[in-house]
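Before any comments, here is the structure.
Within every chain, numbering begins at 1; the chains are lettered A, B, ... in the order of the sequence lines, protein sequences first and strands thereafter. Please read these numbers as outputs of a predicted model, since none were measured by experiment.
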Amino acid sequence: MYCEIVNQPIDVAALERRVRTNADGAVLTFSGVVRDHHEGRDVESLHYEAYGDMALSKLRSICEEVASQCDVTDIAAVHRVGDLEIGDVSVAIAVAAAHRDAAYEASREIIERLKREVPIWKRERYRDGKEEWQEGYPVDGGR
Amino acid sequence: MYCEIVNQPIDVAALERRVRTNADGAVLTFSGVVRDHHEGRDVESLHYEAYGDMALSKLRSICEEVASQCDVTDIAAVHRVGDLEIGDVSVAIAVAAAHRDAAYEASREIIERLKREVPIWKRERYRDGKEEWQEGYPVDGGR
Amino acid sequence: MRVTVLFFAVFRDFAGTDQAEFELPDGATVAQLIEAIGDRLGADSVPANVAVAVNQEYVLNNTTLQDGDEVALIPPVAGG
Amino acid sequence: MRVTVLFFAVFRDFAGTDQAEFELPDGATVAQLIEAIGDRLGADSVPANVAVAVNQEYVLNNTTLQDGDEVALIPPVAGG
């Protein structure tokens, strides 16, 4: 298991190599990529901010829980923070499993939980010069 | 759209780069990898055989149909044939989409249909020296 | 009319060849061809779970064949 | 007792600071801290959809705080 919050480009192929073993029949890699549009507005760049230590421990606990629920052999999950350009990978999740069912299930569960639980925020800079914190998911079990 | 049947190693990262555009928020890459075991037997290597032209046209029509059903921007799908070793990638599918729902849905649909419709066969060589054609999925709409 | 039949994978092992020519009456169907294959190469060469492709498209048993068709016997597939 | 409160993202904009110290009576809960934050920094600094983490774990409103706790106000998250 490998989880990290980084402020450098993510090497997706390296993550894939990291999880793959000879016992795996399926490797699934999800990359979240900075899009040039969001809800009809032209996006120029993004800034991601994390509550660093908590973001990492939360990401790790999500991956551990998913690994215990799904029949996977390994997981690597990395989220990038700081300033990102269009086309940059903001998050990558690589899952290896003997069978593809488990790989798809685990990959999907990790990205869904990451988006709802990991304390990371996104500030969008639009082509018209404005900036805004993107509306996110209120965390359950809070106030 | 890029579909190919090849007899050389598949470069998964290249497929991913091929499909990704600035309009995509999600890129999903599935790799099928030769496993060292199958139904309790130790596998040493594999041989894949294809009905070449038909395999390619069937793969392409599956990808086109899935692209028309799911909201994806691009798909690349490659199957390797010939002799493969443990750990080799036998099939890779890269899907790019604005949103992750469509990427997961399309990726899954393509691999499921590929396994049930594309005329490719697998001969397993076991560590005990025996060889066998792996039992596959009878194609619907046949006899 | 004359059609070419292709055998793949385990079917090639059953048939002992990867290709054979068959002479059929005009208007013959896939089902009739299958029978002719069984007669010449043995019933094992056309198991119940065979699918058939004509000119690289899957077809049903009642499809009528044309002179020069490429007919493939497709064993259960195992790609991926 | 004394706790440190961290403000992130849009909450930092609301509060005008990324960190503040609060003095609370022993046995104070998260709910009481939230009230104290609102009193000092304005109700906008603690919107209804805030989640709270104490020492980097999400907690409920009725959680009792300890001296030295690191309390983070967590706006709706938007990773991925």
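Annotation for Gly136(B) and Ala78(C): closest pair CA-CB, 4.1 Å, computed over non-hydrogen atoms. Smallest separation of non-hydrogen atoms from Ala51(C) and Val139(B): CB-CB, 3.7 Å.
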Task: Pair Glu49(B)-Arg12(C), salt bridge (charged side-chain N to carboxylate O under 4.0 Å, His left out): steps then yes or no - done: CA-CA 12 Å; Glu49(B) 172 181 338; Arg12(C) 186 178 50 238; 2.7 Å; yes

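Looking at Ala55(B), there are no atoms closer than 4.5 Å to chain C (heavy atoms on both sides), in backbone or side chain. No part of Val30(C) comes within reach of chain B, as not one of its non-hydrogen atoms sits under 4.5 angstrom from that chain. When heavy atoms are compared at a cutoff of 4.5 Å, Tyr48(B) approaches chain C solely by way of its side chain, counted from C-beta outward. Heavy-atom distances place the side chain of Asp13(C), and not its backbone, under 4.5 Å from chain B.
Rounded to the nearest 0.5 Å, atoms CD1 (Ile74(C)) and OH (Tyr51(B)) are 6.5 Å apart.
The shortest side-chain heavy-atom distance between Asp53(B) and Glu70(C) does not fall under the 4.5 Å cut-off. For the pair Val118(B)/Val77(C), no side-chain contact is recorded, criterion being any heavy-atom separation below 4.5 Å from C-beta on. A 4.5 Å side-chain heavy-atom check between Pro119(B) and Tyr58(C) finds at least one atom pair inside the cut-off.
Among the candidates Ala31(C), Ala53(C), Ala9(C), Ala72(C), the residue making the largest number of heavy-atom pairs closer than 4.5 Å to chain B is Ala9(C). The choice from Glu132(B), Glu117(B), Arg80(B), Gln134(B) that makes the most heavy-atom pairs within less than 4.5 Å of chain C is Glu117(B). Interface remark: of the candidates Arg116(B), His47(B), Met54(B), Met54(B) forms the most heavy-atom pairs closer than 4.5 Å to chain C.
Surrounding CG of Asp18(C) are more than 12 heavy atoms belonging to other residues, nucleotides or ligands, all under 6.0 Å away. More than 12 heavy-atom neighbours from other residues, nucleotides or ligands sit within 6.0 angstrom of CD on Glu4(B). Counting non-hydrogen atoms of other residues, nucleotides and ligands closer than 6.0 Å to CD of Glu57(C) gives a total of 12 or fewer.
Between the side chain of His79(B) and the main chain of Gly80(C), a donor-acceptor pair closer than 3.5 Å is present. Trp121(B) contributes a side-chain N or O that, together with a main-chain N or O of Pro75(C), makes up a donor-acceptor pair within less than 3.5 Å.
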